[in-house]
Number of protein chains: 2
Amino acid sequence: MTAPSDARARGTRLPRVRRRRQLLAAAQEVFVARGYHAAAMDEIAERAGVSKPVLYQHFPGKLELYLALLEEHSEVLVEKQREALESTDDNRQRVTASFQAYFDFVAGDGEAFRLVFESDLRNLPAVREKSEQTFQRCAELIGDVIRQDTSISDEEAHLLSIALVGMAETSARYWLNNHGSVPQDAAEQLVARLAWRGISGWDLTRSAEEAASGD
Amino acid sequence: MTAPSDARARGTRLPRVRRRRQLLAAAQEVFVARGYHAAAMDEIAERAGVSKPVLYQHFPGKLELYLALLEEHSEVLVEKQREALESTDDNRQRVTASFQAYFDFVAGDGEAFRLVFESDLRNLPAVREKSEQTFQRCAELIGDVIRQDTSISDEEAHLLSIALVGMAETSARYWLNNHGSVPQDAAEQLVARLAWRGISGWDLTRSAEEAASGD
DNA sequence: TCCTCATCTTACTCCTGCGTAAGTTGGGTG
DNA sequence: CACCCAACTTACGCAGGAGTAAGATGAGGA
């Protein structure tokens, strides 16, 4: 499958912090490839070129190891999203940048996005909360922008943001799984256009349509 | 939690088909509440008011039991979606109906949608395929409509459909988890409007925007 | 050189939960 | 009424995998 990170010369001793980083990398590979449940602590240790108790000298248990990774990558996503929205004042550009951030996140770092978006441990409250919270924070960032420039209510703005984030997440994941058919920037542009058409000038058409459908 | 379906009078014998239906119902409750991994065959049996071997007289194993449910509800979703799109010739109405179908699916049948959308067994190829295939079939139905009325390429139409389905799925799930703040039809309408604004008249604005962004 | 302690290993224990062997019960039919 | 077979039960085997006890090893300082 993926290259066994760097289990160089089983028998090499490493200073504590260095070993910890390496263990996290090995764990990420295994969790991404197999999911939480099918990932064995033995395999993680083996991939790091180390025996199992070493793992337990760095992390109290399998769950904590997983949570450390989840936390880290969740933070990365939110940060990418924040940067994207702060990168410009033009809303059309903001939409593009926002989608690009999502696609970059999905395309990057050894498919780590699967930990955040496709965790098979979401039934555990701690994990569910972290995932949803990450999702919500992204939506909130977008919601703030929407609210600034429309007269829409807070609740409606929030739901729209949720919908947009869902669109980004879903299309980015789909795009990655079907790599090759469309280049990344083309996919981004296409979906961003869909989103922009959806929200831009929202206030202008709303009353007209409500009159029509309410009639 | 949820009422224990009907484990009436432990000791009641049931004809084969009737028992099978009841076992499926009990299994659904447990799988929905706990997810695949945390669901115990013992609990499913207990909830059905029956001992474990009875379960194994109806299903070869835990996996097959799960797959039977997944299959069933996947089919329901696709069918709902098909009906929605066939219910009218007006595309604006189609969008509304399509989103309504998604929200109905999520709101209905003991949260069975969690089996399709939130399975913690997606790392198993059989399950991943079924989930993705369901998703794709929904997208394909929508893609067909889009292609009929635009000059867009097949690939682009497909990606747009994926994005729209993702939007529907995500917003419906979010809406359900935060029940109470917004009534179902209001949520549907809002998201449907977003989608409709996004795709309607796509051909008309594309060349203009391409010229602008390419300049 | 020899001591020390952090790093690492082998070789277990134990628990959970799927699946099954063997035997029991009760309603319908000749 | 006696038989039969489908529906059911209790009680267990067994595997996989998390976590651990106890001991080995090697680099850096006195």
Side-chain angles (χ1 to χ4, degrees), chain A residues 4-27 29-31 33-69 119-121 123-124 126-127, chain B residues 5-27 29-31 33-69 120-121 123-124 126-127:
Chain A
S5 59
D6 52 347
R8 64 188 116 187
R10 169 155 192 145
T12 313
R13 292 193 171 195
L14 258 55
R16 194 166 171 77
V17 279
R18 218 177 165 67
R19 179 64 81 195
R20 186 191 152 95
R21 266 202 297 276
Q22 189 219 6
L23 288 174
L24 280 168
E29 288 176 16
V30 177
F31 281 135
R34 305 229 188 288
Y36 180 84
H37 290 100
M41 291 297 265
D42 293 273
E43 187 181 353
I44 294 173
E46 188 186 18
R47 178 159 305 207
V50 107
S51 74
K52 205 167 31 158
V54 171
L55 215 42
Y56 285 91
Q57 282 164 3
H58 287 264
F59 304 93
K62 188 182 182 182
L63 179 60
E64 288 78 8
L65 177 53
Y66 186 81
L67 287 175
L69 288 166
S119 173
D120 60 338
L121 200 61
N123 290 90
L124 199 80
V127 172
Chain B
S5 60
D6 50 348
R8 63 189 116 189
R10 170 154 191 144
T12 313
R13 293 191 171 197
L14 257 55
R16 192 167 172 78
V17 281
R18 214 174 168 69
R19 179 64 81 193
R20 187 190 152 94
R21 266 202 297 275
Q22 188 221 4
L23 289 174
L24 280 169
E29 288 176 17
V30 177
F31 280 134
R34 303 228 187 290
Y36 180 84
H37 290 100
M41 291 296 266
D42 293 273
E43 186 180 352
I44 295 173
E46 189 186 15
R47 181 160 301 209
V50 108
S51 74
K52 207 169 27 160
V54 171
L55 214 43
Y56 286 91
Q57 283 164 2
H58 288 264
F59 305 94
K62 189 182 181 183
L63 179 60
E64 288 77 9
L65 177 53
Y66 187 80
L67 288 175
L69 288 166
D120 59 341
L121 201 60
N123 289 88
L124 200 80
V127 172

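Lettering follows sequence order; numbering is per chain, from 1.
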What does A:Ala39 touch in the nucleic acid at a heavy-atom separation under 4.0 angstrom: a base, only the sugar-phosphate, or nothing?
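It contacts sugar-phosphate atoms only.
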Considering only heavy atoms from C-beta outward, does the side chain of B:Asp120 approach that of A:Leu121 to under 4.5 Å?
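B:Asp120 vs A:Leu121: side chains apart.
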Heavy-atom distance under 4.5 Å between the side chains of A:Leu69 and A:Leu24, does that happen here?
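Touching, per the 4.5 Å side-chain cut-off.
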Could you check whether the rings of B:Tyr36 and B:Phe31 sit parallel, tilted or perpendicular, using 30° and 60° as the cut-offs?
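Ring orientation, 0 to 90° scale: parallel.
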Hey, does the side chain of A:Arg19 come within less than 4.0 Å of C:dA6's phosphate (OP1/OP2), counting only N and O?
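The answer is no; no side-chain N or O of A:Arg19 sits under 4.0 Å from OP1 or OP2.
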CD/A:Glu43 to CZ/A:Arg34 distance, rounded to the nearest 0.5 angstrom?
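With rounding to 0.5 Å, CD (A:Glu43) is 4.0 Å from CZ (A:Arg34).
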In residues 58-69 of chain A, which residues come under 4.0 Å of DNA chain C by heavy atom?
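Nothing qualifies; none.
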Taking the minimum atom-to-atom distance to the side chain of B:Arg13, which one of D:dT20, D:dA6, C:dC18 wins?
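For B:Arg13, the side-chain atoms sit closest to D:dA6.
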Distance criterion of 3.5 Å, no angle test: do you see the side chain of A:Arg16 paired donor-to-acceptor with the base of C:dT7?
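Such a pair does not exist between side chain and base.
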Qualifying residue for side-chain hydrogen bond (donor to acceptor under 3.5 Å, both in side chains) with B:Gln22, from B:Arg18, B:Arg19, B:Arg20
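Going through the options one by one, the only one that passes is B:Arg19.
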What is the minimum heavy-atom distance between A:Leu55 and A:Ala45, and which atoms define it?
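So the two residues come closest at CD2-N, 4.1 Å.
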For A:Gln57 and A:Ala38, find the nucleotide of DNA chain D closest to each by heavy atoms; which residue's nucleotide sits nearer the 5' end?
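The residue whose closest nucleotide sits nearer the 5' end is A:Ala38.
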Mapping B:His37 and A:Pro15 onto DNA chain C by nearest heavy atom, which one lands closer to the 5' end?
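Looking at DNA chain C, the more 5' nearest nucleotide goes with A:Pro15.
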How bent is the helix from C:dT1-D:dA30 to C:dG30-D:dC1, comparing axes over its five end pairs at each side, to the nearest 10°?
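That helix has its two terminal axes inclined by roughly 10°.
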Looking at B:Gly61, is its backbone amide N or carbonyl O close enough to the side chain of B:Glu64 to form a donor-acceptor pair, meaning the two atoms are under 3.5 Å apart?
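Checked: pair present.
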